[in-house]
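Worksheet: the structure to be examined is printed underneath.
Note that this is a predicted model, so its numbers are computed, not measured.
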Amino acid sequence: MLSAGAALVLGVPVAAWGLMGQQNHDGLPASELDHAYRPWDIGDGVAAGVGGLALVVAGVGAAVLVRGARRGGIDRRWWGVLGPLVVVGLMAGVGWRILTAGVVGANIGAGLLIIFGTPVAAGLVLWALGRGVWLATRGQRNDGGSGGRRLGGFASGGV
């Protein structure tokens, strides 16, 4: 289950990056375009192939996880960890294409991505980390660690 989760979380950003393709301004040669960050020197065909392969890997990982959840092999609460990480991966894959887009003048999308996308991604990662630690340490207990009292799905700690 751990490898299926890793395949899903790591496959999504690569699939998004590869299948989205380079987002350059049309009508000008690449040498005249401005970049916030230079794109990797990888051809569009290779990137699309890698993205397609990563999509298959992520799909297989998701299928294994869903099947495992139905059979009781994985606690469904772990989707609260995997979901935000998948969203961050999607943001990272698309975001890299925005940051490396060839434009005329300033890349306003890159600035907006850095200003607004970074705090959202950081919040999602912190949520996933906190939820994962909670599930790994206290989430497996039926009594919540406080004699059976629970408050809003979290251990009340004697409150």
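Side-chain N or O atoms of Trp127 include one that pairs as donor or acceptor with a backbone N or O of Gly80 at under 3.5 Å.
Residues forming a side-chain hydrogen bond (donor to acceptor under 3.5 Å, both in side chains) with Gln22 (at least two apart in sequence, or on another chain): Asn24, Arg97. Evaluation of the side chain to side chain contact (heavy atoms under 4.5 Å, CB included) rule for Leu65 yields Met1, Ala4, Leu8, Ile74, Trp79, Leu82 as partners, not counting sequence neighbours. The side chain to side chain contact (heavy atoms under 4.5 Å, CB included) search around Ile98 returns Val94, Leu113, not counting sequence neighbours. Every residue meeting the side chain to side chain contact (heavy atoms under 4.5 Å, CB included) condition with Leu129, not counting sequence neighbours, appears here in chain and number order: Val133.
With rounding to the nearest 0.5 angstrom, the CG atom of Asn107 is 11.0 Å from the CD atom of Gln23. The OG1 atom of Thr100 sits 11.0 Å away from atom OH of Tyr37, with the distance rounded to the nearest 0.5 Å.
Hydrophobic cluster of Leu33: the remaining members, joined at side-chain heavy-atom separations below 4.5 Å, are Leu28, Val104, listed by chain and number.
Residues Leu90 and Val81 share a single hydrophobic cluster, defined by chaining ILVMFWY side chains whose heavy atoms lie under 4.5 Å apart. Hydrophobic clustering (side-chain heavy atoms under 4.5 Å, transitive across Ile, Leu, Val, Met, Phe, Trp, Tyr) groups Val66 together with Val86. Under the 4.5 Å side-chain heavy-atom criterion for grouping Ile, Leu, Val, Met, Phe, Trp and Tyr, Val9 is connected to Leu135 within one hydrophobic cluster. In this structure, Val88 is not a member of the same hydrophobic cluster as Leu126, with clusters built from ILVMFWY side-chain heavy atoms closer than 4.5 Å. No continuous path of ILVMFWY side-chain contacts below 4.5 Å connects Leu55 to Val60, so the two sit in separate hydrophobic clusters.
Pro84 and Ala128 make their closest contact through CB-CB, 4.3 Å (heavy atoms, listed as atom of the first residue, atom of the second, distance). Of all non-hydrogen atoms in Ala110 and Ala36, the two that sit nearest each other are CB-CB, 3.9 Å. The shortest heavy-atom contact between Asp34 and Gly105 is OD2-N, 3.0 Å. The minimum heavy-atom distance between Pro119 and Ile114, with the atom names listed, is CD-O, 4.1 Å.
Within the structure, ring pair (Phe, Tyr, Trp, His ring centres under 6.0 Å) contacts touching residues 39-72 (residues at least two apart or in different chains) are Trp17-Trp40, Trp40-Trp96.
The local environment of CG in Leu112 is crowded, with over 12 non-hydrogen atoms from other residues, nucleotides or ligands closer than 6.0 Å.
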